[in-house]
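One structure follows; several queries about it will come next.
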Amino acid sequence: MRNESNQLPDSSDETRQLVARFKEMEENRKSVYFDSEELISIAEFYAYNNQPEESSKVLEYALKIHPENLDIQLYRCRALMAEGKTEDAERFLDLITDQNDREVIFLRAEILLEQSDLKNAEKLLKRLADDEGHSKEVILDIADTYIDFNMPKEAYGWLSPLYETNPDDDEIRDVMMQCTFDLKEYDKTIRIINARLDEDPYNVENWLNLGRCYLETGQEEKMFEALDFALSIDPEREDVLQVTGLCYMEEKNYEKGIEMFSKLLRINPENIGALSGMSTCLTNLGMFERAITYQTKAIDRLLPKMPDQEKAFFYQQRAFSYIMTEQLEKCKEDLDKALEYDTRNSSIYLTAANYYLIKGDIDRTLEEAGYAELYAQNDEEQLKEILMFYFQHTFFKDTIRVGKALEELLGDKAKKYSYVMAYSYYAINSHSDEMIKYMVRTIVYNPKLLTLTEKSPFVDAARRVNEMLEEGIIKKEDYL
């Protein structure tokens with residue numbers, strides 16, 4: 001959301017040359033001098049490309065030739081935190097000579113936040129703010145720190161007084177834009193962005209952020225207007241193309257999503273987000289052979305650059321495509337690979353349930369589906385997929401269980417699943433109040449059911465319930 005540079009750590013030719021020099025040094029086993037900024041750039045390159053071991057090697061070399069360089073020391077601490085090694089980062093931070101440096105204090109506050117020691121983190125940041133006279137710079141840095149830790153409420157507490165006295169300051173507005181967006185106060189975010197656009201109507205970043213806000217508020221027409229304007233300013237802007245493609249996916253307009261991701265891949269054939277989008281769109285359109293080409297491209301060319309969850313995603317997606325193209329042996333291989341990278345991904349287990357169903361192993365099918373339920377937790381899309389898997393394959397008791405979970409999660413919004421629930425109760429011969437409840441809801445929310453011409457015992461039962469409503473034997477208000 002923040003208006004930041006679109007330059008990525010691996011997109012600089014100068015950085016690539018530095019990486020090549022460092023590799024050459026390693027191959028020749030010679031020491032070569034790099035200044036601290038150059039070594040940090042190389043470490044960032046490897047970190048961005050998901051090569052933490054290589055990044056660590058660079059930092060070890062950096063500390064060897066610049067042992068007292070504070071920037072390298074701080075980067076090393078942050079790298080350890082990024083790897084989840086918070087205690088190691090804290091021990092390393094303790095070794096830094098100047099414990100009163102503001103960046104050292106900020107990093108210690110971040111470690112405290114990572115350890116959920118909110119009270120001491122706030123105390124440390126307050127002391128820093130007092131020392132710097134509550135300057136704009138320190139308040140923005142504190143707000144940014146809280147935003148980075150997904151604590152927008154705390155960020156807002158620091159930022160609000162500064163924003164009230166300086167509502168036209170661009171830096172302050174940018175941080176407030178992010179803060180209100182994270183707080184889901186989208187009307188406030190939109191007002192800030194529109195004020196920025198009044199001053200600079202050709203700022204791509206602001207049009208992109210406006211589109212994101214309209215996506216969150218469900219204003220599809222305005223969302224696409226904003227994104228189209230951003231693309232008219234810069235037709236090859238990668239993040240705009242990617243967000244636009246994702247918005248079309250949200251709207252289930254997969255053809256337009258493919259159009260956006262195709263444009264993006266022509267600009268950058270190695271854009272992982274675009275390959276992921278193409279995979280999802282093609283899968284939803286049932287174009288599985290074509291989906292396999294993009295999934296394979298991602299796996300064969302870009303796997304080392306991906307975090308483990310993305311690796312698992314592509315293997316799971318290709319496994320599903322293999323099921324749909326009757327390549328079961330390849331499917332099983334990809335399922336095993338996916339689980340090497342992520343053992344808590346609901347989609348992997350649901351794909352495995354489909355695999356074992358085809359193999360005729362019902363016990364294993366239900367076991368895998370059970371794991372899918374376990375890891376779906378409160379994800380509506382995942383639970384919906386599991387619900388429909390059980391329903392389509394006539395596991396009606398399991399369908400009812402997942403339907404109840406969706407009701408707990410969504411409340412009144414779960415009414416769209418009333419037909420599935422009504423049919424499931426009917427199918428297990430449960431002619432109970434629960435069946436009548438969902439029959440009534442189906443009649444109210446999906447009245448077309450009663451106009452179906454084909455003969456069906458379930459439709460006949462629904463018509464009988466409708467007659468009971470019309471005759472006043474039951475009242476719909478009791479069941480909605």
Side-chain angles (χ1 to χ4, degrees), residues 184 186 214-221 223 246-257 280-281 283-286 320 346-347 350 353-354 369-370 372-428 430-454 456-466 468-470 474-480:
K184 303 186 188 304
Y186 302 118
Y214 286 135
L215 170 65
E216 296 296 333
T217 56
Q219 300 179 74
E220 291 84 3
E221 188 174 339
M223 171 185 75
L246 292 170
C247 287
Y248 279 122
M249 276 175 51
E250 284 285 322
E251 294 296 298
K252 295 184 170 41
N253 189 340
Y254 300 115
E255 292 85 353
K256 287 292 290 183
T280 301
C281 288
T283 298
N284 278 285
L285 290 172
F320 185 75
S346 177
S347 294
L350 191 58
N354 276 284
E373 278 186 65
L374 176 66
Y375 295 119
Q377 296 181 344
N378 291 329
D379 188 317
E380 181 188 355
E381 284 301 311
Q382 291 286 350
L383 287 170
K384 177 186 171 184
E385 287 186 22
I386 297 165
L387 177 86
M388 296 313 296
F389 171 80
Y390 283 138
F391 182 67
Q392 288 164 2
H393 298 295
T394 69
F395 299 115
F396 294 118
K397 289 183 179 179
D398 301 291
T399 304
I400 291 168
R401 183 181 63 254
V402 177
K404 292 289 187 183
L406 279 163
E407 285 182 354
E408 287 183 22
L409 177 65
L410 302 176
D412 190 50
K413 292 180 181 178
K415 64 188 181 184
K416 55 190 168 184
Y417 304 114
S418 296
Y419 170 82
V420 170
M421 294 292 281
Y423 192 98
S424 297
Y425 274 110
Y426 176 83
I428 62 173
S430 177
H431 296 260
S432 60
D433 279 347
E434 285 291 286
M435 187 201 77
I436 293 173
K437 176 176 78 174
Y438 290 108
M439 283 278 197
V440 170
R441 291 181 179 183
T442 302
I443 291 164
V444 172
Y445 301 129
N446 186 18
K448 290 182 180 179
L449 175 70
L450 300 175
T451 66
L452 296 176
T453 55
E454 69 265 21
S456 159
F458 173 71
V459 174
D460 289 342
R463 287 183 180 134
R464 285 195 295 274
V465 170
N466 190 51
M468 293 167 67
L469 285 169
E470 291 174 344
I474 58 174
K475 296 179 180 180
K476 69 179 181 182
E477 293 79 10
D478 295 335
Y479 296 100
L480 298 181

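Here, residue 1 is the first one in the sequence, and each next residue gets the next number.
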What's the verdict on side-chain contact (heavy atoms from CB on, under 4.5 Å) for Thr399 and His393, showing C-alpha distance, side-chain angles and the deciding distance?
CA-CA 10 Å; Thr399 304; His393 298 295; over 6 Å; no

If I compare all heavy atoms of Phe396 with all of Ser424, which pair ends up nearest, and what's the gap?
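The answer is CD2-OG, 3.6 Å.
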
Spatial distance of atom CG (Leu350) from atom CE (Met388) [nearest 0.5 Å]:
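If I round to the nearest 0.5 Å, the distance is 12.0 Å.
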
May I ask you to test the Glu434-Lys404 pair for a side-chain heavy-atom distance under 4.5 Å?
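A side-chain contact under 4.5 Å exists here.
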
Checking the side chain of Ser346 only, and the main-chain atoms of Tyr375 only, is there a donor and an acceptor separated by less than 3.5 Å?
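No.
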
Should Tyr426 and Pro457 count as side-chain neighbours, where that means a heavy-atom distance under 4.5 Å?
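Yes; the side chains approach each other to less than 4.5 Å.
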
Can a donor-acceptor pair be found, under 3.5 Å and without considering hydrogens, that links the side chain of Asn284 to the backbone of Thr280?
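A pair under 3.5 Å: yes.
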
So which atom in Ala462 and which in Ile443 form the shortest heavy-atom distance, rounded to 0.1 Å?
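Heavy atoms only, the tightest pair is O-CD1, 3.4 Å.
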
Exercise: identify the closest heavy-atom pair between Ser347 and Gln382
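So the two residues come closest at OG-NE2, 2.9 Å.
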
Between Tyr423 and Phe391, does the ring centroid distance fall short of 6.0 Å?
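Yes: the rings meet the under 6.0 Å criterion.
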
In terms of heavy-atom contacts, does CD of Glu221 have more than 12 from other residues, nucleotides or ligands at under 6.0 Å?
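Not more than 12 within 6.0 Å, no.
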
Lys397 atom NZ, neighbour heavy-atom count above 12 within 6.0 Å
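No, NZ of Lys397 has 12 or fewer neighbouring heavy atoms, counting only those of other groups under 6.0 Å.
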
Do you know which two heavy atoms are closest between Val402 and Leu383, and how far apart they sit?
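For Val402 versus Leu383, the nearest heavy atoms are CG1-O, 3.5 Å.
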
For Leu246, what residues pass the side chain to side chain contact (heavy atoms under 4.5 Å, CB included) criterion, not counting sequence neighbours?
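For Leu246, the residues satisfying side chain to side chain contact (heavy atoms under 4.5 Å, CB included) (neighbours in sequence not counted) are Gln242, Met249, Phe261.
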
Atom CE of Met223 and atom CD of Glu216: how far apart are they, to the nearest 0.5 Å?
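Here the rounded value is 10.5 Å.
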
Nearest atoms (heavy-atom pairs only) where Ala376 meets Ile386
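Heavy atoms only, the tightest pair is CB-CD1, 3.8 Å.
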
Rounded to the nearest 0.5 Å, how far does NZ of Lys384 lie from OH of Tyr417?
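If we round to the nearest 0.5 Å, Tyr417:OH and Lys384:NZ are 5.0 Å apart.
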
Inspect the contact between Lys256 and Glu251 and indicate whether a charged nitrogen and a carboxylate oxygen are less than 4.0 angstrom apart.
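Here Glu251 does not pair with Lys256 in a salt bridge, since their nearest N and O are not under 4.0 Å apart.
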
Can you pull out every salt bridge (Lys or Arg N to Asp or Glu O under 4.0 Å) where at least one residue sits in residues 412-421? Sequence neighbours excluded, please.
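Qualifying pairs, neighbours excluded: Glu380-Lys416.
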
What's the separation between atom CZ in Phe395 and atom CZ in Phe389, rounded to the nearest 0.5 Å?
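Result: 5.5 Å between the selected atoms.
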
Just by distance, with hydrogens left out, do Gln219 and Tyr186 show a side-chain donor and acceptor under 3.5 Å apart?
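No, no side-chain donor-acceptor pair sits under 3.5 Å.
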
Spacing of CG belonging to Leu215 relative to CD belonging to Glu220, to within rounding of 0.5 Å
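These two atoms lie 8.5 Å from each other.
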
How far apart are the closest heavy atoms of Gly403 and Met421, and which atoms are they?
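Looking at all heavy atoms of both residues, the closest pair is CA-SD, 3.6 Å.
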
Sequence neighbours left out, what passes ring-ring contact (aromatic ring centres under 6.0 Å, His included) with Tyr214? Give chain and number order.
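Per chain and number, Tyr214 pairs via ring-ring contact (aromatic ring centres under 6.0 Å, His included) with no residue.
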
Working to the nearest 0.5 angstrom, can you tell me the gap between Tyr390 OH and Ile400 CD1?
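Here the interatomic distance stands at 12.5 Å.
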
Show your reasoning for whether side-chain contact (heavy atoms from CB on, under 4.5 Å) applies to Asp460 and Arg463.
CA-CA 5 Å; Asp460 289 342; Arg463 287 183 180 134; 3.6 Å; yes

